[in-house]
Amino acid sequence: MKIASVKGFHDVLPGETARWAWVEQRARDLFARYHFREVRIPIVEKTELFTRSIGDTTDIVEKEMYTFIDRDGTSLTLRPEGTAGVVRAYVEHALAQREPVSKLFYFGPMFRRERPQKGRLRQFHQVGVEVLGRDDPAIDAEVLMLLHDLLVELDVRRFSIEVNSLGDEQCRPAYREALRAFAEAQRTYLCANCQRRLERNPLRLLDCKVPSCAAIVAEAPTIEGFWCQACRDHFAQVRRMLDYAGVPYQVAPRIVRGLDYYVRTAFEVKAEGLGAQNAVGGGGRYDGLVRSLGGPDVAGIGFALGLERVLLALGTTVDERLEPPLEVFIAPLDREAELRVLAVAQRWRREGFKIELGSAHRSLKSQMRQADKCGAPFVFLVGEAELEAGAASVRDMLRKRDYGCAVSFEWTVSQVRAYLRSLAELAA
RNA sequence: GUGAGUGUAGCUCAACUGGCAGAGCACCGGACUGUGGCUCCGGGGGUUGAGGGUUCGAGCCCCUUCACUCACCCCA
């Protein structure tokens with residue numbers, strides 16, 4: 001009986017992994033330019049970390065977490081997102097004491113037990129950044145610039161960044177109440193879902209896609225009218241900086257995030273080619289979070305991108321060019337040759353030569369076919385004659401030429417490379 | 001959690017109103033002894049997702065079940 005992978009947990013096979021590596025490398029290069037540094041944190045955390053940070057009435061915490069009881073009775077959870085763990089580590093290791101501002105990034109798998117569909121898996125991967133220790137609008141702008149540049153760098157097709165301010169603990173409660181009161185009056189016209197949202201999380205009414213609800217919501221009061229002076233100023237500054245720097249974005253008064261810890265600046269990225277799940281990323285400011293997790297009262301802001309969705313939204317320019325080409329394929333023709341070739345290849349590989357080895361168990365024909373398929377520009381042939389001469393015969397695959405016993409087994413890699421280069425001129 | 005669709009070779013898919021389970025690609029081998037792509041020839045591969053039912057006979061019809069996909073919900 002075959003064992004299949006678990007529902008919503010996917011394999012990434014060779015070929016596809018090159019695209020992943022490409023994305024990660026481009027992201028790393030960009031992060032370095034913005035001077036963000038990598039953190040690696042555990043995949044498993046105490047369940048309480050997520051219930052306290054994400055919010056225990058959110059969908060994630062209520063029904064999507066992979067939670068289990070460890071043998072000592074502790075409740076543990078596979079992380080459903082990255083921010084909580086990063087903040088936990090920040091507090092635990094007192095990073096605030098070491099540096100006034102921490103600019104961090106991470107890559108890794110996240111787990112949410114949802115019904116899988118296009119662009120949505122139970123194990124999915126995110127790249128995220130967090131800035132701890134700055135509450136001024138300039139850092140919001142910088143993070144959004146990084147987000148924008150990252151999307152450009154990764155060649156995400158036709159994306160848009162939507163920005164909003166959710167207010168803070170000063171002004172959001174009043175807005176929440178106003179919205180609830182407004183919706184309450186329309187209750188009978190709302191869909192069943194929205195009626196439920198009304199009690200639990202009125203802000204979520206704003207992103208209902210049911211047309212009748214959307215029509216009602218269009219008439220609803222917007223957060224704008226409720227911002228306190230501080231929030232209003234903050235958001236105005238952020239927008240002014242983005243405008244000045246030429247970062248494109250749209251103000252979207254209706255966006256709300258699915259995690260409770262966001263305050264003030266919040267944003268989402270949408271892109272094409274993703275099916276119904278058109279959000280490739282999102283993030284925002286979470287000023288109270290560090291404190292609520294037992295740390296100092298420092299501000300935080302960050303975002304995360306879903307890598308599977310980024311991959312779905314990539315332009316057509318990405319291909320296998322990332323895989324460095326093979327330099328030589330070595331084909332041994334018998335056991336004796338195989339023995340010799342293994343040792344020679346090892347020496348050359350240690351010097352940085354990129355070599356694939358054929359097997360003497362296979363016919364020369366099939367080794368040649370294999371060499372061709374690997375894209376090897378040269379094949380080194382080793383049989384009886386070559387062993388005797390102490391040198392491999394060379395087949396130039398591109399120019400279809402042969403050179404008998406031409407490359408000595410004693411040569412260094414630079415000698416071999418120099419010789420192979422000279423073949424081009426020889427052929428011309 | 002809810003709904004719809006689809007399950008046939010490693011992959012993409014055929015197979016008439018129920019009548020011998022096939023093709024292309026991929027893989028392996030061969031076409032003058034130790035030379036690739038192109039062409040030609042050949043080969044291995046399947047419990048038709050699983051279980052039951054109807055029938056002389058089921059890939060096809062009926063029931064059950066499982067898996068996958070898409071969508072709702074929500075989000076990355």
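Per chain, numbering begins at 1; letters A, B, ... match sequence-line order. Predicted model, so just to flag it, every value in this text is computed and none were measured.
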For a salt bridge (charged side-chain N to carboxylate O under 4.0 Å, His left out) check, start with the C-alpha distance between A:Arg122 and A:Glu114, then their side-chain angles and the critical distance, and finish with the verdict.
CA-CA 6 Å; A:Arg122 290 181 172 186; A:Glu114 297 181 272; over 6 Å; no
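At the heavy-atom level, A:Ala331 lies nowhere under 4.0 Å from the strands shown. Nucleic acid contact class of A:Glu384 (heavy atoms, under 4.0 Å, all strands): base. Here A:Arg401 lies out of heavy-atom contact (under 4.0 Å) with every strand. In this structure, A:Ile54 reaches neither bases nor backbone, as no heavy-atom distance under 4.0 Å exists between it and the strands shown. Contact annotation for A:Gly128: no contact, since no heavy-atom pair falls under 4.0 Å across all strands.
Residue A:Ser366 places at least one side-chain N or O closer than 4.0 Å to OP1 or OP2 of B:G29. A sub-4.0 Å separation between OP1 or OP2 of B:G1 and a side-chain N or O of A:Lys63 is absent. The side chain of A:Gln117 places an N or O atom within less than 4.0 Å of a non-bridging phosphate oxygen (OP1 or OP2) of B:C72.
Going from the C1' atom of B:G34 to that of B:C25 covers 30 Å, rounded to whole Å. Look at the C1' atom in both B:U2 and B:C11: the space between them is 33 Å, to the nearest Å. B:G19 and B:C62 have their P atoms separated by 15 Å, given to the nearest Å. The C1' atoms of B:A71 and B:G18 are separated by 34 Å, rounded to the nearest whole Å. Taking atom P on both nucleotides, B:U6 is separated from B:A15 by 14 Å, rounded to a whole Å. Annotation: B:C72 and B:C16 have their P atoms spaced 35 Å apart (nearest Å). When the P atom is used for both B:U17 and B:U12, the distance is 26 Å, rounded to whole Å. Atom name P, nucleotides B:U8 and B:U69: the rounded distance is 14 Å, in whole Å.
Cation-pi contact between A:Arg239 and A:Phe235: present, with separation from the ring centre below 6.0 Å and deviation from the ring axis of at most 45°.
With rounding to whole Å, A:Lys7 atom NZ is found 8 Å from B:C68 atom C1'. Atom pair A:Tyr403:OH and B:U35:P shows a separation of 18 Å (rounding to whole Å applied). Nucleotide B:G30 holds its P atom 14 Å from the CE atom of A:Met368, rounded to whole Å. As a whole-Å value, the separation of A:Phe380 CZ from B:G36 C1' is 16 Å. The CG-C1' distance, from A:Asp59 to B:C72, rounds to 13 Å in whole Å. In this structure, A:Arg112 atom CZ and B:C73 atom P are separated by 17 Å, rounded to whole Å. For A:Lys365 and B:G42, the NZ to C1' distance is 13 Å, given to the nearest whole Å. Between the CZ atom of A:Arg113 and the P atom of B:G1 there is a distance of 6 Å, rounded to whole Å.
Nucleotide B:G46 is matched to nothing when pairs are restricted to Watson-Crick or G-U wobble geometry with both distances under 3.5 angstrom. Taking a pair to require two hydrogen-bonding distances under 3.5 Å in either a Watson-Crick or a G-U wobble arrangement, B:G18 remains unpaired. Remark: B:U54 base-pairs with no nucleotide; criterion is Watson-Crick or G-U wobble with both hydrogen-bond distances under 3.5 Å. In this structure, B:A31 and B:U39 make a Watson-Crick or G-U wobble pair, each of the two defining distances being under 3.5 angstrom. For B:G3, the paired nucleotide is B:C70, the pair qualifying as Watson-Crick or G-U wobble because both relevant distances are below 3.5 Å. In a base pair of the Watson-Crick type (N1 to N3 plus N6-O4 or O6-N4) or a G-U wobble (N1-O2 and O6-N3), with each distance short of 3.5 Å, B:C25 is matched with B:G10.
For A:Arg417, the CZ atom is densely surrounded, since the number of other residues' heavy atoms within 6.0 Å is greater than 12. Other residues, nucleotides and ligands contribute at most 12 non-hydrogen atoms within 6.0 Å of the CD atom of A:Glu336.
Heavy-atom nearest nucleotides on RNA chain B were determined for A:Arg369 and for A:Glu64, and the one closer to the 5' end corresponds to A:Arg369. Projected onto RNA chain B by closest heavy-atom contact, A:Asn278 and A:Met397 fall at different nucleotides, the more 5' of which corresponds to A:Met397.
Applying the 3.5 Å distance criterion, the base of B:C73 shares a donor-acceptor pair with the side chain of A:Arg120. Donor-acceptor pairing under 3.5 Å, judged by distance alone, is absent between the side chain of A:Glu62 and the base of B:G1. With hydrogens and angles left out, the side chain of A:Arg115 and the base of B:G1 share no donor-acceptor pair within 3.5 Å.
Set against B:A76, B:C28, B:G34, the side chain of A:Phe124 has B:A76 as its closest nucleotide. The side chain of A:Lys373 lies closest to B:C27 when the candidates are B:C27, B:U69, B:U35. Side-chain proximity of A:Lys118 to the nucleotides B:G34, B:C28, B:A71 is greatest for B:A71. With B:A76, B:G37, B:G29 as the candidates, the nucleotide lying closest to the side chain of A:Arg309 is B:A76. For A:Gln126, counting side-chain heavy atoms from C-beta on, the closest listed nucleotide (B:A71, B:A76, B:G34) is B:A76. Checking B:A31, B:G29, B:G34 against the side-chain heavy atoms of A:Leu381 singles out B:G34 as nearest. Among the nucleotides B:A76, B:U69, B:A71, the one closest to the side chain of A:His10 is B:U69. Between B:C73, B:U69, B:U35, one nucleotide has an atom nearer to the side chain of A:Asp402 than all others, and that is B:U35. Set against B:G34, B:G37, B:G30, the side chain of A:Ala385 has B:G34 as its closest nucleotide.
Rounding to the nearest 0.5 Å places CZ of A:Arg176 at 9.5 Å from CG of A:Leu179.
Looking at A:Phe36, A:Phe31, A:Phe303 one by one, the single match for ring pair (Phe, Tyr, Trp, His ring centres under 6.0 Å) with A:Phe105 turns out to be A:Phe31. Of the listed residues (A:Glu410, A:Glu388, A:Glu384), just one forms a salt bridge (Lys or Arg N to Asp or Glu O under 4.0 Å) with A:Arg340, and that residue is A:Glu410.
Of the charged side-chain nitrogens involved, none lies within less than 4.0 Å of a carboxylate oxygen, so that A:Arg88 and A:Glu48 do not count as a salt-bridged pair.
Side-chain contact between A:His361 and A:Arg335 is present, with heavy atoms from C-beta onward closer than 4.5 Å.
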